[in-house]
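In each ligand, atom 1 is the first atom listed, and ligand 1 is the first ligand listed. Nothing fancy with the numbering, it's 1 onward along the sequence.
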Amino acid sequence: MTTGASLIVEDLRVNIGDKEILKGLSLTVKPGEIHAIMGPNGAGKTTLGFTLMGHPRYEVTGGSVKLGDQDILEMEVSDRAKAGLFLAFQYPFEVAGVTVANFLRQAVSAAKGEEISVWDFQEKMTEKMELLEMDEAFASRYLNEGFSGGEKKRNEMLQMALLEPKFAILDETDSGLDIDALKVVAKAVNSLRGPEFGAIVITHYHRILDHINPDIVHVLMNGKIVKTGGPELAMEIEKRGYDWIKVELGIADEAAEAQGVK
Ligand SMILES: Nc1ncnc2c1ncn2[C@@H]1O[C@H](COP(=O)(O)OP(=O)(O)OP(=O)(O)O)[C@@H](O)[C@H]1O
Ligand SMILES: [Mg+2]
């Protein structure tokens, strides 16, 4: 693994069609840090993730994103992976006739820019599957066989463990994960944790954060980071929801009007 790099998002503005979704979002994650992003539905959390992965639906109208000194927004999606960025929703999943093991070998070869031999890969995959306490049979399953949400998540986490990225962004909005799948996610993140690895974990609930222990928790609301704190902020949100933050920001009335309740 190469040395770590900060992810620096500055005044990021993103449109979907004519609608501005991210409205000047700024955030810096230093190597070695894990940040959680929480926020109400529709705040723009997934938009941030998809923008970082270069999804064509999201139009960047302003600001910048850097990983170390590399300008991420200028790069093709495949080059973003080569630069060490991992996005959990990066690859198309249902491919006929391809096993999990083959798919992952191709994904890792593509990200590293070199072909990895079947034997070397097998060894590494066995090691990572043991680490994540995954059933060996999983590797021989076919991608198009129909995976459950939790199985897709396990596949993604195995992929992340194998790629050993510099920086990972996980969108945990699909909170239908059982406790074992949640632990696989936590183990995968924790196994990479160290001075050269940074991550953003997007989540609605404190659950996953109990296992991952983020250094910093942000609240994303209305297209911006509006509040930043430590792990206790996640606990407070779980207890009190988001209205108190809107009141703090003086946007409570606006928010109520937008939702048609005032
Ligand atoms: N394909 C799309 N076309 C138009 N608007 C969209 C599209 N996708 C998302 N949006 C809008 O962008 C805004 C932000 O959506 P986003 O998915 O980023 O929210 P989120 O914070 O991830 O929410 P959740 O907590 O529900 O996952 C919402 O108002 C949503 O309606
Ligand atoms: Mg979302």
Would you say Tyr58 and ligand 1 have an N/O pair spaced under 3.5 Å apart?
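Tyr58 vs ligand 1: no N/O contact under 3.5 Å.
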Could you tell me whether Ile16 and ligand 1 have an N or O pair separated by under 3.5 Å?
no
Salt-bridge test for [X] and [Y]: reply yes if a basic N is under 4.0 Å from a carboxylate O, no otherwise.
X: Lys66; Y: Glu10; value: no
X: Glu151; Y: Arg141; value: yes
X: Lys183; Y: Glu133; value: no

For ligand 1, which atoms, with element, lie under 4.0 Å from some heavy atom of [X]?
X: Thr46; value: 17 (O), 18 (O), 20 (P), 22 (O), 27 (O)
X: Lys19; value: 29 (O)
X: Gly44; value: 14 (C), 18 (O), 19 (O), 20 (P), 21 (O)
X: Arg57; value: 1 (N)
X: Thr47; value: 14 (C), 15 (O), 16 (P), 18 (O)

Between Leu162 and Trp119, is there a shared hydrophobic cluster once you connect ILVMFWY residues whose side-chain heavy atoms come closer than 4.5 Å?
no
Taking a hydrophobic cluster as the set of Ile, Leu, Val, Met, Phe, Trp and Tyr residues connected by side-chain heavy atoms closer than 4.5 Å, whether directly or through intermediates, do Val60 and Leu7 fall within one such cluster?
yes
With a 4.0 Å heavy-atom cut-off (strictly under), which part of Ile21 contacts ligand 1: side chain, backbone, both or neither?
side chain
When you look for heavy atoms under 4.0 Å from ligand 1, do you find them on the side chain of Asn41, its backbone, both, or neither?
both
Only heavy atoms count here, so choose which of Pro40, Gly42, Gly17 is nearest to atom 13 (C) of ligand 1.
Gly42
Check the angle between the aromatic planes of His55 and Phe50 and answer parallel, tilted or perpendicular using the 30° and 60° thresholds.
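Plane angle over 60°, so perpendicular.
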Is the distance from the Mg ion (ligand 2) to some N, O or S atom of Thr46 under 2.8 Å?
yes
Lys153 side chain near Glu156 side chain, heavy-atom distance below 4.5 Å
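Counting from C-beta outward, Lys153 and Glu156 do come under 4.5 Å.
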Answer yes or no: is there a donor N or O on one side and an acceptor on the other, between the side chain of Ser109 and the main chain of Ile116, under 3.5 Å?
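Yes, Ser109 side chain to Ile116 backbone: donor-acceptor pair under 3.5 Å.
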